[in-house]
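Let me begin by handing over the structure; questions about it come next.
Counting begins at 1 with the first residue of the sequence. Values below: all heavy atoms of this structure, side chains included; hydrogens, waters and symmetry mates excluded. Computed from a predicted model, the values in this text were never measured in an experiment. As the structure lists them, so they are numbered: ligands from 1, and atoms in each ligand from 1.
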Amino acid sequence: MLAEHTNSRGIERDPYTAWRARERNPNARVDATDFFLWAADTDERFDCAAGNPPFIRSQRFKGSSKAAARSICEAEGVTLSGLSSAWVAFLIATSSLLKLGGRMAFVVPAEIGHAPYATALIEYLLGSFSKVQVVAVREKIFPRISEDCWLLYCEGRGGRTHQVHFSTLDSFMECPWPPTDTEVISWAYLRKNWRGRLRPLLIPPGARRAYLEAAAHSDATRFGDFAKIGIGYITGDNDFFHLSRSQIAEHQVPDELLVPTVRRGANLVCNVIDQTALEVWDAEDQPCHLLCIPTGTEMPLTVLRYLESDAGQRARAAYKCRVRPVWYSVPGVTIPDYFLQYMSGSEVHLSANAAGAACTNSIHAVRITDVERAQRALPLWSSVLTKLSCELEGHPLGGGMLKLEPREAQRILFQPYCYDWEVIREARQVLMRWRHQTDFTNPTAS
Ligand SMILES: C[S@@+](CC[C@H](N)C(=O)[O-])C[C@H]1O[C@@H](n2cnc3c(N)ncnc32)[C@H](O)[C@@H]1O
């Protein structure tokens, strides 16, 4: 970006990268310094800014740089959520350095289309620029990194708008202007119908309308209306706490201290987890039994020996084990009614629990709170509307995977009547393509 401009100014923390930038454009003034520490202090103001910020997760964004970022954002009226990734602060701090009427363009992670903290950023941009445009790019701009990247373009610093311009590109192409073929959408519509998410704009307006109409129908139900969805237990050391039949025999663990368990989403291949499924896992000697020792339980010598073994010594040193009152008593072991995949490929699997099994935190534990509603809704799990809902309410994880956080899973929609199945089916395929999943199995689902 610096090389394209005769009169440019660059800030790059890494001295080698800064040196390479100077080499590309000897006229550019490039400082090897922290952007936020510099931005908090500088008097320089700019007509335009462009950036490709680092996508640093909130946990790794810390120290004086984060403190400076936080105070710049606060001065701009934005309180960064603890979960915000660093790129959000780069955009806000850059905007604070623009002259009135200035513009900026950024590479942003595609999570701008779904992350809960992205809505605060979009609201800030709408209140600070006269035009805000997001360009979604389907094919990877940077094939070597796992994140999908989109582009953001804002102009008219000091202005304000209530609309988002949204465009889609199959692949990135250099062009002198942002794409002109855009849909202009009111922020009020996005907030009201899509919780401020831009991702639903990837599907055609007709499909969005059909989905919202289906959701508004009196027979529509959301998963959270009749079920509680949460994650399973956390052992702290899965290898120690999960035992196979041969390990159970070796350590002579009595059945009373064991609970059958579903360890991975990949185990949810059929609609029911029953005794037969457990027998298959046992025949394969899979470690599918949780060592479950409630606090105060009397234990036979054999189990005490297992707890004292080398594996037990390693397990008790693990963080999650160390911090609980009794290191070997795994908390939160419940027997849910259903198991729901947390991360899925082409299909999101939901399996009834007919085996009295528990599940780890790699899977969602579903507890039915309204049996009658559940009986009406759950047969619709294989409906293409529910499948589209999983795509719309969940979010892409990279590598073709779809992730459903509990709060997203609560919003999955069930509705028996929908008049435009073809539109719904196509919309689902569009969203699958955007998450690089091309295995459109079960094309006849309806
Ligand atoms: C995605 S790379 C972009 C590199 C280059 N600007 C480009 O567009 O090809 C992000 C860059 O931000 C730099 N960076 C990360 N944190 C920074 C900070 N707090 N201040 C300045 N630069 C930072 C990294 O060193 C890295 O070079």
Side-chain angles (χ1 to χ4, degrees), residues 1-76 78 80-98 103-113 115 117-118 121 134-137 139-154 169 171-176 178 398:
M1 286 182 258
L2 292 173
E4 297 297 322
H5 207 286
T6 48
N7 177 22
S8 53
R9 176 87 173 91
I11 304 295
E12 164 58 60
R13 190 171 58 183
D14 176 55
Y16 174 68
T17 310
W19 174 78
R20 282 188 50 193
R22 282 185 213 111
E23 226 189 14
R24 291 285 304 278
N25 183 355
N27 294 324
R29 228 174 95 214
V30 182
D31 285 2
T33 186
D34 181 272
F35 173 70
F36 296 108
L37 297 177
W38 168 81
D41 212 34
T42 185
D43 292 332
E44 294 179 63
R45 290 297 178 268
F46 302 89
D47 300 306
C48 302
N52 179 9
F55 305 161
I56 304 172
R57 297 269 143 229
S58 54
Q59 309 89 301
R60 287 178 42 229
F61 181 35
K62 41 191 174 197
S64 55
S65 176
K66 182 161 187 179
R70 193 174 279 280
S71 68
I72 296 171
C73 290
E74 267 162 23
E76 289 292 302
V78 183
L80 289 181
S81 109
L83 296 172
S84 286
S85 182
W87 63 272
V88 172
F90 272 89
L91 268 61
I92 296 172
T94 302
S95 149
S96 77
L97 301 177
L98 289 176
R103 5 182 221 141
M104 66 180 198
F106 268 90
V107 175
V108 290
E111 70 190 29
I112 194 171
Y117 56 80
L121 169 73
V134 174
V135 183
V137 187
E139 284 174 17
K140 284 196 183 301
I141 300 183
F142 305 107
R144 279 184 299 126
I145 65 167
S146 62
E147 272 97 349
D148 285 354
C149 294
W150 290 5
L151 303 168
L152 173 78
Y153 175 73
C154 303
L169 291 178
S171 58
F172 173 73
M173 288 165 302
E174 283 185 29
C175 53

Per-pair distances, ligand 1 N/O vs protein N/O, less than 3.5 Å:
| from | atom 1 | to | atom 2 | distance (Å) |
| --- | --- | --- | --- | --- |
| ligand 1 | 8 (O) | Asn52 | ND2 | 3.3 |
| ligand 1 | 16 (N) | Arg13 | NH2 | 3.4 |
| ligand 1 | 19 (N) | Asp34 | OD2 | 2.8 |
| ligand 1 | 20 (N) | Phe35 | N | 2.8 |
| ligand 1 | 22 (N) | Arg13 | N | 3.1 |
| ligand 1 | 25 (O) | Glu12 | OE2 | 2.6 |
| ligand 1 | 27 (O) | Glu12 | OE1 | 2.7 |
| ligand 1 | 27 (O) | Glu12 | OE2 | 3.2 |

Q | Within-4.5 Å side-chain heavy-atom neighbours: Lys140 and Asp148 | A | yes
Q: Might you confirm whether atom CZ of Arg20 has over 12 heavy atoms from other residues, nucleotides or ligands at distances under 6.0 Å?
A: no
Q: Could you check if a side-chain atom of Glu111 sits within less than 4.5 angstrom of a side-chain atom of Phe55, using non-hydrogen atoms only?
A: no
Q: Could you go through the side chain to side chain contact (heavy atoms under 4.5 Å, CB included) check for Val107 and Leu151 one step at a time?
A: CA-CA 5 Å; Val107 175; Leu151 303 168; 4.1 Å; yes
Q.
Counting only heavy atoms from other residues, nucleotides and ligands, does the tally under 6.0 Å from CZ of Arg9 exceed 12?
A. yes
Q: Quick one: list whatever passes side chain to side chain contact (heavy atoms under 4.5 Å, CB included) with Ser8, sequence neighbours left out.
A: Leu2, His5, Asn25, Ala28
